[in-house]
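Okay, so here's the structure we're looking at.
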Amino acid sequence: QVQLVESGGGLVQAGGSLRLSCAASARTFSSYAIGWFRQAPGKEREFVAVITRIGGSTYYANSVKGQFTISRDNAKNTLSLQMNNLKPEDTAVYYCAASRRSMATMNRADYDYWGQGTQVTVSS
């Protein structure tokens with residue numbers, strides 16, 4: 001069982017930055033690929049980024065590539081998402097999720113545990 005708790009969301013002006021964090025309870029945190037997803041009002045939850053178990057590889061949605069950076073610290077059981085040059089279309093609830101699959105995946109059905117989400121609002 002893995003419990004995930006996101007933090008760091010808030011209100012920011014367009015062009016600003018935010019850093020989201022996700023704290024995990026599992027002693028086996030390094031056994032999971034960890035991803036970020038987001039869900040805007042009236043839209044499906046969509047993939048944002050994923051990082052493999054030991055952080056060797058990262059993958060991003062095309063819409064955030066070059067803008068967001070995912071990282072993890074397995075010693076501290078934490079995951080981060082640095083978001084720069086934020087745009088109003090980045091407004092959403094952001095979720096971190098853990099997957100037991102050996103390969104990094106962008107498919108939300110492949111994730112076994114989810115956090116409760118943190119709201120990010122970007123004003124124009």
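Atoms considered below: every heavy atom in the structure, side chains included; atoms not considered: hydrogens, waters and symmetry mates.
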Evaluate the side-chain contact (heavy atoms from CB on, under 4.5 Å) criterion for residues W114 and R108: first the C-alpha distance (whole Å), next the side-chain angles of each, then the deciding distance (0.1 Å), finally the verdict. CA-CA 10 Å; W114 293 82; R108 64 184 183 185; 3.9 Å; yes

Neighbour count above 12 (heavy atom, 6.0 Å) for I54 CD1: no

Is it the case that over 12 heavy atoms from other parts of the model lie below 6.0 angstrom from the CD atom of Q3? no

Using atom types as modelled and distance alone, determine if a side-chain donor or acceptor of D110 lies under 3.5 Å from a backbone N or O of T105. no

Between SG on residue C96 and CD on residue Q116, distance to nearest 0.5 Å: 7.5 Å

Note: R72 and T52 closest approach over all heavy atoms is NH1-O, 2.9 Å

Nearest 0.5 angstrom please: S31 OG to R100 CZ, how far? 11.0 Å

Given Y94, which of R38, E6, Q39 fulfils the side-chain hydrogen bond (donor to acceptor under 3.5 Å, both in side chains) condition? R38

Give the C-alpha distance, both sets of side-chain angles, the deciding distance and a yes or no for ring pair (Phe, Tyr, Trp, His ring centres under 6.0 Å) between W36 and F68. CA-CA 11 Å; W36 285 100; F68 291 3; 9.7 Å; no

Side-chain heavy atoms nearer than 4.5 Å, only ILVMFWY residues, links allowed to pass through others: does that put L81 and V50 together? no

Using the ring-ring contact (aromatic ring centres under 6.0 Å, His included) definition, which of the options Y95, Y32, F37 pairs with Y111? F37

For A98 and I34, which heavy atoms make the closest approach, and how far apart are they? CB-CD1, 3.6 Å

One should read off an interatomic distance between T78 OG1 and L4 CG, to the nearest 0.5 angstrom, of 11.5 Å

